[in-house]
Amino acid sequence: MLFVQQIVLEYTKAVRNANAANVRRSVRFLPVEFDKADITDEILFNKAWLFQAPDGLHKSCKTKILGENALFTVKFAPDFFGERIFVKRAENGYEILYTDKKARGWIKSKFTLTEGKSGRIVYNDRYGSWDSPLWIYYLITFNFVCVDKSAFKQKLFFIKEPDFTFTDMKPLRYSGY
């Protein structure tokens, strides 16, 4: 079974200083609340949305339980994992894939998780509108843990050093999209 946690941390130029950056970098995992009896699908997906303002971090959590429809089917449509992360079955586990450009780039395998293994992907993104000079920045973290359903606990993602880590900070430059 694959447990996935996505943490989207949104911020603006008002908190683009070193102290605020240290706070953002410290958010690598969050606790998850589920009843074990409710976990019936192959993939459990937890998404947490945080906003960083000058007065601190503000939380708004959304949680979903997903089944096989979350797995990558060779289409470039955004799915539950967003436009850059793809997950497909592999022998004895799951292959985690990544593209550096939203739904347009080359999809590359970053790691394969088998029973008892964990991984983390971290990347930056930004969004601006043609009618607003305000840029909105995102620090996006995906935590993956491949374990049996019986191993689920509230602090499942609290792994300081996962077996696999991939960070991609390129998208903050102007990329024309």
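In this structure, the side chains of Gln6 and Thr141 stay at 4.5 Å or more apart for every pair of heavy atoms. Here the side chains of Asn92 and Glu115 are not in contact, with every heavy-atom distance at 4.5 Å or above. The shortest side-chain heavy-atom distance between Tyr98 and Ile121 falls under the 4.5 Å cut-off. The shortest distance between side-chain heavy atoms of Leu156 and Val32 does not fall below 4.5 Å. With contacts defined as side-chain heavy-atom distances shorter than 4.5 Å, the pair Val145/Ile159 qualifies.
Under the side-chain hydrogen bond (donor to acceptor under 3.5 Å, both in side chains) criterion, Ser26 pairs with no residue, sequence neighbours left out. For Asp55, the side-chain hydrogen bond (donor to acceptor under 3.5 Å, both in side chains) partners are His58, not counting sequence neighbours. Residues satisfying the ring-ring contact (aromatic ring centres under 6.0 Å, His included) criterion with Phe164, sequence neighbours excluded, are Phe111.
Residues Cys146 and Leu113 share a closest heavy-atom pair of CB-CB, 3.9 Å. Closest of all the heavy-atom pairs between Phe158 and Leu30 is CE1-C, 3.4 Å. The minimum heavy-atom distance linking Lys88 with Leu97 is given by the pair CG-CD1, 3.8 Å. For Leu139 against Tyr11, the heavy-atom pair with the smallest separation is N-CE2, 4.1 Å. When all heavy atoms of Asn17 and Arg24 are compared, the closest pair comes out as O-NH2, 4.5 Å. What you find for Phe86 and Thr99 is that their closest heavy atoms are CE1-CG2, 3.7 Å.
The distance from atom CG of Leu9 to atom CH2 of Trp49, rounded to the nearest 0.5 Å, is 10.0 Å. A distance of 8.5 Å separates CZ in Phe166 from CD1 in Ile85, rounded to the nearest 0.5 Å. Here the CZ atom belonging to Phe51 is positioned 5.0 Å from the OG1 atom belonging to Thr12, to the nearest 0.5 angstrom. Expressed to the nearest 0.5 Å, how far CG of Leu2 lies from CZ of Arg89 amounts to 10.5 Å. Atom CG of Leu44 sits about 10.0 Å away from atom CD of Gln5, to the nearest 0.5 Å. Between atom CD of residue Glu10 and atom CD1 of residue Ile140 there is a gap of 10.0 Å, rounded to the nearest 0.5 Å.
Within 6.0 Å of NZ on Lys117 lie no more than 12 heavy atoms contributed by other residues, nucleotides or ligands.
Note: Phe142 and Tyr123 have parallel aromatic rings, judged against thresholds of 30 and 60 degrees for the angle between ring planes.
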Residues Phe3, Phe144; criterion side-chain contact (heavy atoms from CB on, under 4.5 Å); working and verdict: CA-CA 6 Å; Phe3 294 94; Phe144 302 91; over 6 Å; no
Steps toward side-chain contact (heavy atoms from CB on, under 4.5 Å) verdict (Tyr138, Tyr127): CA-CA 8 Å; Tyr138 301 94; Tyr127 176 76; 4.1 Å; yes
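Of the possible polar contacts, none joining the Asn143 side chain to the Arg120 backbone as a donor-acceptor pair under 3.5 Å is found. In this structure, the side chain of Asp148 does not engage the main chain of Ala151 through any donor-acceptor pair within 3.5 Å.
Side chains of Glu95 and Thr112: no donor on one and acceptor on the other come within 3.5 Å. Checking Arg16 against Tyr137 by side-chain atom types alone, a donor-acceptor pair falls below 3.5 Å.
Cation-pi geometry between Lys149 and Phe152 is not met: the NZ or CZ atom fails to fall both under 6.0 Å from the ring centre and inside 45° of the normal.
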